[in-house]
Amino acid sequence: MAYDAQEVETRWQKAWAKAGAFEVEVDHSKPKFYCLEMFPYPSGSMHMGHVRNYSIGDAMARFHRLMGSNVLYPMGYDSFGMPAENAAKKEGGHPHTVTHRNIASIRADQERMGYSYDWRRFLATSDVDYYHWNQEMFLMLNERGLVERRMAPVNWCVDCDTVLANEQVKNNRCWRCGLEVVQRDMEQWFVRMTEYSDELLDEIDNIAFPENVKAMQRNWIGRSHGAHIDFSVAGSDAVIGAFTTRPDTIFGVTFVTLSPEHPLCEELCTGSEWEADWRELRDECLRMSEFERINMLKEKKGVFLGRHAINPLNGEEVPIYAGNFVVASYGTGAVMAVPGHDQRDYDFAERYGIEIRRVLIEREGDDPTAPLSTAFEGYGPMVNSGIGDFDGLAGEVAKDTVISALEATRAGHGTVEYRLKDWLLSRQRFWGTPIPMIHCGTCGVVPVPSSELPVELPLDVTFSEEQSGNPLAAHDAFVNTPCPSCGEDAKRETDTMDTFYDSSWYFMRFCDANNNSAPFSREAVDYWMDGGVDLYIGGIEHAVMHLLYARFFTKATRDAGMNKVGEPFGTLVCQGMLNAPAPFCADCNAEYHVDNFDADCPTCGKSLGTRSVKMGKSLGNTVSPEEMIGRYGADTVRLFMLFGANPEVGMDWSDSAVEANHRQMHSIIDAIESALAMDNSPGPMDEWLNARLRANQRAWHQAMSNVSLREGVMISHFEILADWNWYRRRGGCDQATAKAFLQQWVPMLAPATPHIAEEFWQRMGGEGLLATHILPEPSDSSEDTSILAREAYLRNIIASGRNLRELAERHTEGEISRIVIQTTAPWKLELARDALRLHSEGFDFKTGGQAYVQSLEIFENETLRGEIFQTWMALTTGSKKKRGRVHSWAVAERTLISSGLDETAVIEANSAFIAAELGVSSLETYPAGEGEDVAGKAGLAFPLEPGIAFL
RNA sequence: GCAGAGGUACCCGAGUUGGUCAAAGGGGCCGGACUUAAGCUCCGGUGCUUAGUGCUUCGCAGGUUCAAAUCCUGCCCUCUGCACCA
């Protein structure tokens, strides 16, 4: 057929839309399946990374529809954020305009790919219909005490003109623009996510995320158990509180270090000879960001503060230092230093000549007085404790005992610390959800009453490149408002929300997207979200940000009674990178822009090779989806995406592979057309085709259920086609068989290539739209094993015949023209059947095998005795190199032998085919011993392995 | 350093409850059929060897076993995340 992908695909896309094929409602009579791709930011047109993401999701959505599930598969856009604002500035417009233009563009691209979204649930977070509910939920969080406004040192990006959450800072650089962030103290809005730290951490064990994502989240939350210990200062009322994860090393404390900004520093050293040194160190530290303090510090420096702290357990006085490596924001900003068992403290102690004391040994019996040449940071029995019964305790027991001792003297207690911090929500930008709060001179900060929501972003703002700061702050009509509490003039909050807030609950909004009286109804969300989103697909880059916020949010709304589940996502699939070749210099280990193909390395001048790297604008190694769809059609692109690699692994773009997949499409089309044009002549291959189809259906079903899409597509688009071709080659040509075959096969093509599947569904007279068709459970037939085994037997003969032919040619003078196949001697088959029967009964061949074979009647035959014995051994115990056949035969082969397969009959029935395949003009076959032993092959003949001679 | 995932034939990639594994499938390459020819399509080949045998292979080195791609130990390398975290 002339395959006009453009025409076929757009025609069916219209038909699906017209029929509302993908529109779903709550229906308790069916199992539900919620398939979701991570919320896209509409940055213009769709790129290949999107194509991969959605092709995976759509295949799964379509598969589950075929399986009879009620599939929720929505699409919307995470459309607030900086890029639109920057674009608006550039063109002197409004981000709203930019955003809607981009949404229209990406949506058109998605529609052209034929993704089966329920477009009625479409939403954009920058539309007031959506962010209204952001605000409503913010009031809910506020009422539940989860919102806090406080002064805090924040990460500020000068370029983006706004603060960033901790998660948005990577290597001290802004995640968006890459500029280094600076520290600023500002009044900010926080969501108290840390209230849920423990649940967020503990629940990780029970969710089906990939291990790497789980590990990242655990790391990020970073719970550590330890102790808070109070060191009082000698000659003062001051107390230094320190957090440690190693209370078992308390007797090794030989100094205490404060962060230079610690308020006690000044108090302790003012007026002393050490004050000047401390001030210098503090000022130096203030000039550094926290990141530099933690990661870039080359030199550990400290100054003595002139005072001593008292170890609460043994009363010992140790010097107090200020150290540049102690960070104020972690723990208490004070460290109890144990140089014997902490490498950093060891280095510091060595430099300043402080005592290094061993209070742990590595294993029992070690010398407690052995000097340390490096810190021993592991766990081991306590030694040299000086007081109490601590010596000998190790690990958790040691920690607990020390903590109990501290608690008894009220000098400390066990604690838990987290790395996770509260979610810094406010952004000093325009294009985000306005925080619904009002600042009143009299009443302070007052929430906007729910009845007055939404607080809408003004549309009468013109953006330009000159302006800096947040245009909202300069918009009088927005800012000025009466206080909802006292009615006096007041001012609106002009900070907007981090866009991660928008994406933290959108999956629940999709359940009830058009609700205009609440964020979502409990009924809808409990139906669709039961067990979480069943399949959530997206990039690994959201492992700690979006996925953690969304988990938190779901728990917060659950506790507010809005939904039942506490974990939003069931199975999470993180799709791998999409790579494409780029010029690469092995010496410099650097990739360059595609313009440098065939050029020399711009850095070292050597000639460039290529390497597969992530597709991206910066290297220019991108491929345009539009262009590929235009050239090959959406189905080919989808097939390539699914067949190229399994979802979670990286994948290389390859032009030749895309072309190969396009050829595959043609082959499938040709095959189906041939199936539609069959004669009405039933034959022996019909049952084989059915049996193969059933086997493939079962394997396909399993692969698809496991999101092993590559494997699934391999079956639906490659294996089944190969079977069909074999059927035809073997003379299969039955209309009824072909029709039933297509009835099953064509639907299997739909998840990956829905348009061509729908086209053929119609042409073969399928009922209704394939898009809404339900495929029955894969069936089974007890006959299948032996049907398939017979054909496999035949193929085996042809395969070994081919191998042998090559060898035979070398040993034969003249042309090879005929073949003689001697099948197994009947007595060998009988022995094989006996052996199999005994094997299935658990017979021990090693002890009883010989006696058994000798007891057989046939063993009386003296001339055969030797061969009988050899055959028996080959069947049962095998040799050193080869196991007995009873062990190595597959189930199918055992079935054939046990049923007493007449090999000669099978070969005779197919002699013309075999002869043609092996390129000989005549074929003769008989059981060994019943004819001439041509070329001495009779002895080789074995059940399922006939002796083959070419002549 | 810690944690997670990996290392399979020219490339990609299955296979890891030990035996049916010289190891699926695809790409590429080689050969054949078809064709005036190229392309398409179909068929076959693609570790070495051999009238169906034998040999050497699944990061490296050992070990367990009658039997290891698969299990154990050590090592090397790649990717990802965290990191002078108290």
Side-chain angles (χ1 to χ4, degrees), chain A residues 170 210-220 222 224 226-227 229 242-246 249 257 259 293-298 300 323 325-327 330-338 342-348 377 417 419 540 543-544 574 576-577 612 643-646 648-652 654 656-661 663-664 666-667 670 708 710-711 713-715 717-719 722 725 728-729 799-812 846 877-885 887-894 917 919 935-937 940 945-950:
Chain A
K170 299 254 163 185
E211 282 308 316
N212 57 341
V213 174
K214 288 188 179 187
M216 279 190 247
Q217 293 217 348
R218 286 194 189 102
N219 258 327
W220 189 264
S224 52
I229 303 176
F243 173 70
T244 178
T245 55
R246 295 299 301 273
T249 63
T257 321
S259 105
R293 284 276 291 287
I294 296 173
N295 296 316
M296 305 294 186
L297 212 57
K298 287 178 206 84
K300 289 182 239 324
F325 53 88
V326 181
V327 180
Y330 192 90
T332 59
V335 177
M336 67 169 218
V338 184
D342 181 284
Q343 191 59 41
R344 189 190 56 192
D345 295 341
Y346 183 96
D347 296 343
F348 190 91
E377 296 185 321
E417 288 278 319
R419 189 176 170 279
I540 187 76
V544 282
C574 289
M577 296 277 178
S612 199
F643 186 60
N646 258 327
E648 58 281 355
V649 302
M651 164 175 191
D652 291 347
S654 151
S656 63
V658 180
E659 273 173 45
N661 285 125
R663 287 201 297 271
Q664 193 72 18
H666 276 281
S667 303
D670 290 346
S708 295
R710 203 188 120 87
E711 205 186 317
V713 166
M714 169 119 58
I715 294 165
H717 287 67
F718 291 80
E719 298 277 328
N725 287 336
R728 299 267 292 148
R729 209 166 135 199
S800 45
R802 270 201 193 100
N803 288 337
L804 289 170
R805 201 198 142 111
E806 205 184 313
L807 301 174
E809 272 166 356
R810 280 183 233 160
H811 292 256
T812 312
K846 270 188 186 146
T877 53
S879 63
K880 263 189 186 156
K881 308 235 161 133
K882 208 162 181 178
R883 292 187 89 208
R885 297 291 210 288
H887 298 102
S888 63
W889 272 324
V891 181
E893 292 166 321
R894 291 175 200 190
E917 288 291 312
K937 298 298 177 192
L940 283 170
E945 298 163 44
I948 299 172
F950 283 92

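It should be emphasised that the depicted structure is a prediction, and the values quoted were computed from it without experimental measurement. Just so it is clear: chains get the letters A, B, ... in the order the sequence lines come, proteins before strands, and each one is counted from 1. These values consider heavy atoms only, across backbone and side chains, with no hydrogens, waters or symmetry-generated copies.
With hydrogens and angles disregarded, a donor-acceptor distance shorter than 3.5 Å links the side chain of A:Glu893 to the backbone of A:Ala890. With A:Asn646 contributing its side chain and A:Glu648 its backbone, the two residues share no donor-acceptor pair below 3.5 Å. Side chain of A:Arg805 to main chain of A:Gly919: a donor-acceptor pair is present (N/O by atom type, distance under 3.5 Å, no hydrogens or angles).
With a cut-off of 3.5 Å on both Watson-Crick or G-U wobble distances, the partner of B:rC66 is given as B:rG19. The partner of B:rA86, taking Watson-Crick or G-U wobble pairs whose two distances both stay under 3.5 Å, does not exist in any strand shown. When Watson-Crick and G-U wobble pairs are counted only if both distances are under 3.5 Å, B:rC79 pairs with B:rG4. Partner assigned to B:rG52 is none, using Watson-Crick or G-U wobble distances below 3.5 angstrom. Base pairing of B:rU73 is made with B:rA61, judged by Watson-Crick or G-U wobble geometry with both donor-acceptor distances under 3.5 Å. Across all strands shown, B:rG25 forms a Watson-Crick or G-U wobble pair with B:rC12, both key distances being under 3.5 Å.
For A:Arg344 against B:rA86, a side-chain-to-base donor-acceptor contact under 3.5 Å is present.
If you check every strand for non-hydrogen atoms under 4.0 Å, A:Ile540 touches nothing. Counting non-hydrogen atoms under 4.0 angstrom, A:Phe950 reaches a base of the nucleic acid. Using a 4.0 Å heavy-atom cutoff across all strands shown, A:Gly801 reaches no nucleic acid atom at all. Backbone-only contact: A:Ala660 has heavy atoms under 4.0 Å from sugar-phosphate atoms and none from a base. Among the atoms of the strands shown, base atoms are found under 4.0 Å from some heavy atom of A:Ala949. Note on A:Lys937: a base of the nucleic acid sits closer than 4.0 angstrom, heavy atoms only. Residue A:Ser800 is out of contact with every strand shown, counting any heavy-atom pair closer than 4.0 Å.
In this structure, the CZ atom of A:Arg419 is 17 Å from the P atom of B:rA3, given to the nearest Å. Rounded to a whole Å, the CD1 atom of A:Ile229 is 11 Å from the C1' atom of B:rA86. For A:Arg218 and B:rA83, the CZ to C1' distance is 18 Å, given to the nearest whole Å. Between the P atom of B:rA24 and the CD atom of A:Glu719 lies a distance of 12 Å, rounded to the nearest Å. B:rG26 atom C1' lies 7 Å from atom CE of A:Met714, rounded to whole Å. In this entry the distance linking CE of A:Met216 with P of B:rA83 reads 12 Å, nearest Å. Following rounding to the nearest Å, A:Asn219 (CG) and B:rC85 (C1') show an atom-to-atom distance of 11 Å. In this structure, CG of A:Asp345 is placed 8 Å from C1' of B:rA86, rounded to the nearest angstrom.
Listed by chain and number, the residues in a salt bridge (charged side-chain N to carboxylate O under 4.0 Å, His left out) with A:Glu945 are A:Arg885 (sequence neighbours excluded). A:Phe348 meets the ring-ring contact (aromatic ring centres under 6.0 Å, His included) test with A:Phe255, A:Tyr321, A:Phe325, A:Tyr352; sequence neighbours excluded. Remark: A:Phe643 pairs with A:Phe718 by the ring-ring contact (aromatic ring centres under 6.0 Å, His included) rule, at least two apart or across chains. Every residue two or more places apart in sequence or in another chain that forms a side chain to side chain donor-acceptor pair (under 3.5 Å) with A:Arg802 is listed here: A:Glu917.
Residues A:Thr249 and A:Met336 are in side-chain contact: their nearest non-hydrogen atoms beyond the backbone lie under 4.5 Å apart. Side-chain contact between A:Lys214 and A:Gln217: absent, with no pair of heavy atoms (C-beta onward) separated by less than 4.5 Å.
The same atom, P, is picked in B:rG31 and in B:rG18; the two are 44 Å apart, to the nearest Å. Comparing the C1' positions of B:rG13 and B:rU8 gives an interatomic distance of 9 Å, to the nearest angstrom. Taking atom C1' in both B:rG45 and B:rC10, the straight-line distance is 15 Å, to the nearest Å. Rounded to the nearest Å, the gap between the C1' atom of B:rC34 and that of B:rG39 is 12 Å. A distance of about 13 Å separates the P atoms of B:rA22 and B:rC58, rounded to the whole Å. Taking atom C1' in both B:rA68 and B:rA61, one finds a spacing of 15 Å when rounded to whole Å. Taking atom P in both B:rG6 and B:rG25, one finds a spacing of 24 Å when rounded to whole Å. Comparing the P positions of B:rC71 and B:rU20 gives a spacing of 16 Å, expressed to the nearest Å.
Considering every non-hydrogen atom in both A:Ala337 and A:Asp345, the closest pair reads CA-OD2, 3.3 Å. Residues A:Ala808 and A:Phe950 come closest through the heavy atom pair CB-CB, 3.8 Å. Taking both residues in full, the closest heavy atoms of A:Met216 and A:Ala543 are given as SD-CB, 3.8 Å, listed atom of the first, atom of the second, then distance.
Closest approach to the A:Phe718 side chain among B:rC82, B:rG26, B:rA86 is made by B:rG26 (side chain taken as heavy atoms from C-beta onward).
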Base contacts versus sugar-phosphate-only contacts with protein, heavy atoms under 4.0 Å: please encode nucleotides 5-22 of chain B as B, S and - from 5' to 3'.
--------SS----BB--
Strictly under 4.0 angstrom, non-hydrogen atoms only: write out the protein contact profile of nucleotides 41-46 of chain B, one letter per nucleotide from the 5' end, B, S or -.
SSSS--
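Residues A:Ala935 and A:Arg246 both approach RNA chain B. Their nearest nucleotides, taken by heavy-atom distance, put A:Ala935 toward the 5′ side.
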